[in-house]
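Lettering follows sequence order; numbering is per chain, from 1.
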Amino acid sequence: MSPVPIVRFAPSPTGRIHIGNARTALLNWLYVRRRGGRFVLRFDDTDVGRSKAEYAASIEQDLAWLGVEPDDVRRQSERMAIYDAAAEKLKSAGRLYPAYETPEELDRRRKVQQALGRPPVYDRAALRLTDAERAALEAQGRKPHWRFRLDPGTVRWDDLARGESHVDCGSLSDPVLRREDGTFLYTLPSVVDDIEFGVTDVIRGEDHVTNTAVQIQLFEALGGVVPRFGHHNLLTDASGEGLSKRTGALSIASLREKGVEPLAVAALAVLVGSAEAVRPVASLDELAALVEIRHLSHGAARFDEAELDALSARTLHAMPYAAVASRLAALGIAGADAEAIWLALRGNVAKLSDVADWLPVIAGEIAPVVEDRAYLAQAAAALPEGDWDQTTWSAWTKTLKAATGRKGRELFHPLRLALTGRESGPELAALLPLIGRARALARLSAPSS
RNA sequence: GCGCCCAUCGUCUAGCGGUCCAGGACGUCGCCCUUUCACGGCGAAAACACGGGUUCGAUUCCCGUUGGGCGCGCCA
């Protein structure tokens with residue numbers, strides 16, 4: 001097998017991606033990030049009716065927001081001729097055969113089989129058609145769709161996540177590879193592309209395990225190298241319901257709009273349902289070192305959005321200035337004081353945008369809360385001269401303590417109320433130098449409120 | 001209905017026959033630190049789904065039941 005892993009994330013651009021898709025994308029991305037390798041973003045857009053360019057664009061945006069930067073982006077809609085050739089190859093090998101049933105007929109048969117307690121498997125009636133019968137159908141204007149003739153045996157593989165795995169293909173329908181109009185379903189293009197792009201590891205959700213058995217047969221029928229497969233456990237929402245059944249709420253776009261940190265989304269998306277404790281991380285590299293596909297559990301895991309908010313806040317509390325500098329600049333926080341402002345405020349924000357709430361305290365207008373004018377006048381008079389730094393607060397309050405005999409809450413709280421106008425907030429030692437002498441003096445001397 | 005996978009504290013999990021009156025993380029609660037919040041420190045409550053086996057001994061192995069996830073598409 002290639003020493004350099006090549007993985008792919010293959011969404012169909014028929015909607016926006018949600019947290020479950022992000023889990024798959026990230027698991028792939030982190031896999032090659034740690035080993036050195038390539039990540040291909042492949043849009044499985046053979047369903048022209050449902051695929052939309054704007055969805056593809058938004059998927060790329062969502063991935064970029066999470067920090068996933070593909071090495072290559074491909075579109076299946078541009079590669080039809082190649083799938084055509086593969087289909088011909090299967091046809092001449094006797095593995096692809098025409099079938100003429102209508103979707104309604106098939107649906108009816110499936111229902112009958114289910115009612116009889118039989119698995120709803122295609123009966124291969126088309127395989128028993130004589131040449132004359134086929135010609136008759138064609139003469140009526142019926143166009144065939146094309147099915148891949150499955151080997152009935154059991155397909156086995158050593159799964160990256162689940163170990164020894166097997167699927168009995170005898171209980172599967174021959175998959176339709178191509179529609180009447182010549183367009184392809186996802187199965188064949190996926191395998192053709194995996195072969196051609198040299199994909200070494202297919203990491204996807206466990207909803208694909210039976211597809212994997214079919215696709216392994218397809219890899220073999222096409223003479224391609226069968227990649228390693230890994231099927232990660234699926235996520236459910238907080239109530240235990242499968243994500244695929246719900247839409248919207250857990251989309252990456254909605255999480256971004258809520259102001260959740262991308263690193264928190266990434267961390268929870270891949271750490272939940274694994275043996276590793278969910279924790280804030282400082283980078284995707286740190287996350288990559290934590291994630292081990294083999295350590296994923298095999299049952300579905302709950303993704304709790306409430307947990308995400310807490311993780312997002314904790315991620316912010318430890319975030320170095322360099323990691324947020326450009327986003328702070330966009331909020332108007334830049335220049336010499338920007339780092340000090342961030343370090344003073346970060347422990348008190350749940351979302352990055354919360355820093356805006358504190359800006360007036362540092363550099364704008366507030367309504368000081370004044371309850372004890374005499375004490376504040378005394379405090380104003382004791383305000384140190386010269387340049388202020390982190391030590392100014394304690395020097396000042398020490399002086400005040402000696403002069404007034406106050407201590408604890410009685411000493412500090414009136415100062416906080418006057419200087420910030422609020423009951424609680426960041427440490428005043430960090431805030432005071434940012435507020436500056438002039439502003440502090442004005443607030444301490446404000447009229448009673 | 002049939003098939004595959006799973007089943008340990010509220011949640012995510014460790015556990016691969018005795019080391020488990022079950023360990024960690026998040027959450028919750030309490031205490032400490034602190035002018036407040038947050039952080040940090042210490043501590044507490046909190047779980048082996050049920051029934052049968054196998055075994056000297058089952059959380060751990062087997063079978064069944066129940067529950068859950070997924071699949072059974074001319075979706076991907």
Side-chain angles (χ1 to χ4, degrees), chain A residues 10-15 21 44-47 49-51 76 99 101-104 106-107 110 113-122 144-147 159 162 165-168 170-173 175-181 183-187 189-190 204-211 213 231 233-236 238 240-245 268 271-279 295-304 306-307 310-311 313-314 316-318 345-350 393 397 406-417 420 422-429:
Chain A
S12 63
T14 54
N21 304 313
D44 285 8
D45 54 357
T46 55
D47 186 343
R50 299 199 306 153
S51 297
Q76 293 192 324
E101 296 85 353
T102 64
E104 295 72 32
L106 292 170
D107 193 46
R110 270 192 295 268
Q113 286 172 309
Q114 290 232 22
L116 293 172
R118 302 294 308 160
V121 176
Y122 177 59
H145 54 278
W146 298 80
R147 287 189 188 261
D159 197 280
R162 319 195 317 162
S165 301
H166 62 91
V167 169
D168 172 19
S171 62
L172 265 31
S173 295
V176 176
L177 261 31
R178 192 170 205 177
R179 303 183 179 91
E180 287 80 353
D181 64 3
T183 59
F184 290 93
L185 282 98
Y186 118 104
T187 309
S190 178
R204 57 197 341 188
E206 68 178 5
D207 51 338
H208 279 285
V209 296
T210 46
N211 291 334
H231 296 89
N233 56 339
L234 265 15
L235 259 24
T236 69
E241 192 134 357
L243 245 34
S244 56
K245 291 173 186 166
L268 188 53
L271 258 20
V272 74
S274 87
E276 215 55 60
V278 172
R279 71 188 83 173
H295 291 170
L296 257 20
S297 65
H298 299 172
R302 283 168 208 250
F303 182 90
D304 189 349
E307 198 173 350
L311 183 66
R314 289 201 291 149
L316 243 19
H317 296 165
L345 300 184
R346 66 178 183 181
N348 279 76
V349 298
W393 168 256
T397 53
R406 289 174 182 243
K407 60 181 181 179
R409 185 179 172 87
E410 205 188 15
L411 173 69
F412 298 113
H413 202 56
L415 301 179
R416 169 175 292 281
L417 289 173
T420 71
R422 306 189 194 191
E423 288 284 343
S424 66
E427 268 184 67
L428 282 167

Would you indicate what A:Gly425 reaches in the nucleic acid, counting non-hydrogen atoms under 4.0 angstrom: base, sugar-phosphate, or nothing? base

Stepwise, does the side-chain contact (heavy atoms from CB on, under 4.5 Å) test hold for A:Asp45 with A:Gln76? CA-CA 6 Å; A:Asp45 54 357; A:Gln76 293 192 324; 3.6 Å; yes

Do you know which two heavy atoms are closest between A:Arg204 and A:Tyr186, and how far apart they sit? NH2-OH, 3.1 Å

Nearest atoms (heavy-atom pairs only) where A:Glu180 meets A:Glu101: OE2-O, 4.5 Å

For [N], the Watson-Crick or wobble partner whose two distances fall under 3.5 Å:
N     : value
B:C20 : none
B:C26 : B:G10
B:G73 : none
B:G57 : none
B:A38 : none
B:A49 : B:U65

Is any side-chain N or O of [X] under 3.5 Å from a base N or O of [N], one able to act as donor and the other as acceptor?
X        : N     : value
A:Asn211 : B:A76 : yes
A:Glu180 : B:C74 : yes
A:His298 : B:C6  : no
A:Arg302 : B:U11 : no

For A:Arg314 and B:C26, give me the distance from atom CZ to atom P, rounded to whole Å. 6 Å

Measure CZ/A:Arg279 against P/B:C26 and give the value in whole Å, please. 10 Å

Among [options], the nucleotide that comes nearest once only the side chain of [X] is considered:
X        : options             : value
A:Thr236 : B:A76, B:G69, B:U35 : B:G69
A:His145 : B:A76, B:U36, B:C74 : B:C74
A:Ala275 : B:G73, B:U13, B:U36 : B:U13
A:Arg162 : B:C4, B:G71, B:C72  : B:C4
A:Leu428 : B:C74, B:U35, B:C37 : B:U35
A:Gln114 : B:U36, B:C37, B:G1  : B:G1

Distance test, side-chain N/O of A:Thr210 to OP1/OP2 of B:C72, below 4.0 Å: no

Tell me whether the OP1 or OP2 atom of B:G73 has a side-chain N or O from A:Arg110 closer than 4.0 Å. yes

Both A:His413 and A:Glu101 contact RNA chain B. Which one's nearest nucleotide lies toward the 5' end? A:His413

Between B:C48 and B:G24, how far apart are the C1' atoms? Round to whole Å, please. 16 Å

Determine if A:His208 stacks with B:A76; use a centre-to-centre distance below 5.5 Å and an interplanar angle below 30° as the criteria. yes

The single option from A:Glu206, A:His298, A:His231 passing side-chain hydrogen bond (donor to acceptor under 3.5 Å, both in side chains) against A:Arg162: A:Glu206

Determine, stepwise, if the pair A:Leu172 / A:Val167 fulfils side-chain contact (heavy atoms from CB on, under 4.5 Å). CA-CA 9 Å; A:Leu172 265 31; A:Val167 169; 4.0 Å; yes

